[in-house]
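Numbers here simply count residues along the sequence, with the first being 1. The figures here come from the full heavy-atom set of this structure, side chains too, leaving out hydrogens, waters and symmetry mates.
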Amino acid sequence: MSLQRVLEAELVESPELAMEYDSMDHAEANRSFAADFLAAGGQGDLLDLCTGTAQIPVELCRQGFEGRIMAADLAVSMLEMARLNIEIASVIDRVQLAQADAKDLLFADAYFDGVVCNGALHHFADPLPVLQGCLRVLRPGGLLFIRDLRRPDDEETLQQGVQTCAGSANETQRRMFEDSLRAAFTLEEIRALVSQVGYEPETVQATGDRHWTWSVRKPGEPGV
């Protein structure tokens with residue numbers, strides 16, 4: 001029997017957990033995400049939804065992204081750490097922080113040239129409003145680029161994944177990663193969600209052995 005999804009807390013509310021998250025080794029995953037987004041043609045004004053501690057905006061700037069970035073998250077603890085990270089990286093003039101609920105975005109329609117979200121969709125019991133919001137604030141012709149963990153098929157594979165990816169982490173960090181794997185969507189589940197917002201399920205592809213990626217352009221001509 002396949003592993004059943006176990007929901008994870010939507011918000012990282014404590015400063016202590018925000019620090020634990022920020023100190024986990026996301027470097028390779030972040031480099032890959034940023035490089036793949038840029039290779040897909042990401043440019044212009046960008047929304048990084050559920051930015052956490054703003055590691056993705058910092059990495060995008062490091063890799064040469066030239067647009068402006070709105071880094072949005074609902075958790076104050078994450079945004080406080082994010083401010084520190086963008087100050088240390090000297091990108092505070094290019095990255096703006098915003099407290100925003102991903103399920104009810106207040107940004108205007110067709111406001112951004114690109115929307116990205118990395119490793120966060122599994123935090124939502126029902127991510128459909130999040131996907132709908134991403135598409136609403138994206139301009140016609142804009143790039144939507146979302147990546148997250150895939151839930152393993154069985155307990156043995158899940159524990160192997162924890163050991164491989166978080167074996168050298170502390171107990172709190174290992175638990176956080178395990179909880180994320182249990183809350184993650186399978187490829188079939190996320191494809192079903194994508195079809196509900198009007199896109200072909202096959203636009204979601206497996207990425208490596210632990211992730212899926214949804215990379216699509218919103219229909220329509222830019223500026224129309």
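Between Arg191 and Glu188, none of the side-chain N atoms (NZ, or NE/NH1/NH2) sits under 4.0 Å from a carboxylate O, so this pair counts as no salt bridge. Salt bridge status for Glu155 with Arg182: present, with a side-chain N to carboxylate O gap under 4.0 Å.
Cluster membership for Leu60 and Leu138, using ILVMFWY side-chain heavy atoms within less than 4.5 angstrom, is not shared. Under a hydrophobic clustering in which Ile, Leu, Val, Met, Phe, Trp and Tyr are joined whenever their side-chain heavy atoms come within less than 4.5 Å, directly or via other members, Met70 and Val115 fall into the same cluster. A continuous path of Ile, Leu, Val, Met, Phe, Trp and Tyr side chains, each step under 4.5 Å between heavy atoms, connects Leu144 with Val197, placing both in one hydrophobic cluster. By the criterion of side-chain heavy atoms lying less than 4.5 angstrom apart, applied directly or through intervening Ile, Leu, Val, Met, Phe, Trp or Tyr residues, Phe33 is not grouped with Leu187; the two fall into different hydrophobic clusters. Tracing side-chain contacts under 4.5 Å through hydrophobic residues (I, L, V, M, F, W, Y), one reaches Val216 starting from Val194; they form part of the same cluster.
Residue pairs satisfying the ring pair (Phe, Tyr, Trp, His ring centres under 6.0 Å) criterion with at least one member in residues 75-97, sequence neighbours excluded, are absent. Counting only residues at least two apart or on different chains, the salt bridge (charged side-chain N to carboxylate O under 4.0 Å, His left out) pairs with a member in residues 36-53 are Asp36-Arg147, Asp45-Arg68. Pairs engaging residues 14-26 under the salt bridge (charged side-chain N to carboxylate O under 4.0 Å, His left out) rule: none recorded [sequence neighbours left out].
The two residues Arg139 and Tyr111 make their nearest non-hydrogen contact at NH2-O, 2.7 Å. Across Arg217 and Gly41, no two heavy atoms sit closer than the pair NH2-O, 3.3 Å.
Note that CD of Gln43 is 10.0 Å distant from CG of Leu38, once rounded to the nearest 0.5 Å. Atom CG in Asp148 sits 9.5 Å away from atom OG1 in Thr213 (nearest 0.5 Å).
Put simply, the side chain of Thr51 does not reach to within 4.5 Å of the side chain of Leu49, judged on heavy atoms. Side-chain contact between Asp153 and Leu3 is absent, with no heavy atoms from C-beta onward closer than 4.5 Å. Two residues are said to be in side-chain contact when any heavy atoms from C-beta on lie closer than 4.5 Å; Ile69 and Cys61 meet this criterion.
In this structure, Arg83 places its CZ atom where only 12 or fewer heavy-atom neighbours from other residues, nucleotides or ligands lie under 6.0 Å away. Summarising the local packing, CD of Glu202 is surrounded by more than 12 heavy atoms from other residues, nucleotides or ligands at distances under 6.0 Å. Within a 6.0 Å sphere centred on CD of Gln196, other residues, nucleotides and ligands contribute more than 12 heavy atoms. Applying the 6.0 Å contact sphere to CD of Glu200 captures no more than 12 heavy atoms from other residues, nucleotides or ligands.
Of the N and O atoms on the side chains of Trp214 and Thr203, at least one donor lies less than 3.5 Å from an acceptor on the other residue. No donor-acceptor contact under 3.5 angstrom links the side chains of Gln205 and Ser215, judged on distance only. Judged purely by distance below 3.5 Å, without hydrogens or angles, the side chains of Gln163 and Gln159 never pair a donor atom with an acceptor atom. Gln55 and Glu59 share no donor-acceptor pair across their side chains, judged by distance under 3.5 Å alone.
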Under 3.5 Å, which donor-acceptor pairs link side chains of residues 98-109 to any protein atom two or more places apart or in another chain?
{"residue": "Gln99", "atom": "NE2", "partner": "Leu74", "partner atom": "O", "Å": "3.0"}
{"residue": "Asp101", "atom": "OD1", "partner": "Lys103", "partner atom": "N", "Å": "3.0"}
{"residue": "Asp101", "atom": "OD1", "partner": "Lys103", "partner atom": "NZ", "Å": "3.1"}
{"residue": "Lys103", "atom": "NZ", "partner": "Glu10", "partner atom": "OE2", "Å": "2.6"}
{"residue": "Asp109", "atom": "OD1", "partner": "Arg136", "partner atom": "NH1", "Å": "2.6"}

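Counting only distance, with no hydrogens or angles, the side chain of His26 and the backbone of Tyr21 share a donor-acceptor pair below 3.5 Å. Of the possible donor and acceptor atoms, none in the side chain of Asp73 sits under 3.5 Å from a partner among the backbone N and O of Met78.
In the hydrophobic clustering, where aliphatic and aromatic side chains (Ile, Leu, Val, Met, Phe, Trp, Tyr) are joined below 4.5 Å either directly or transitively, Val76 stands alone.
Residues forming a salt bridge (Lys or Arg N to Asp or Glu O under 4.0 Å) with Glu8 (at least two apart in sequence, or on another chain): none.
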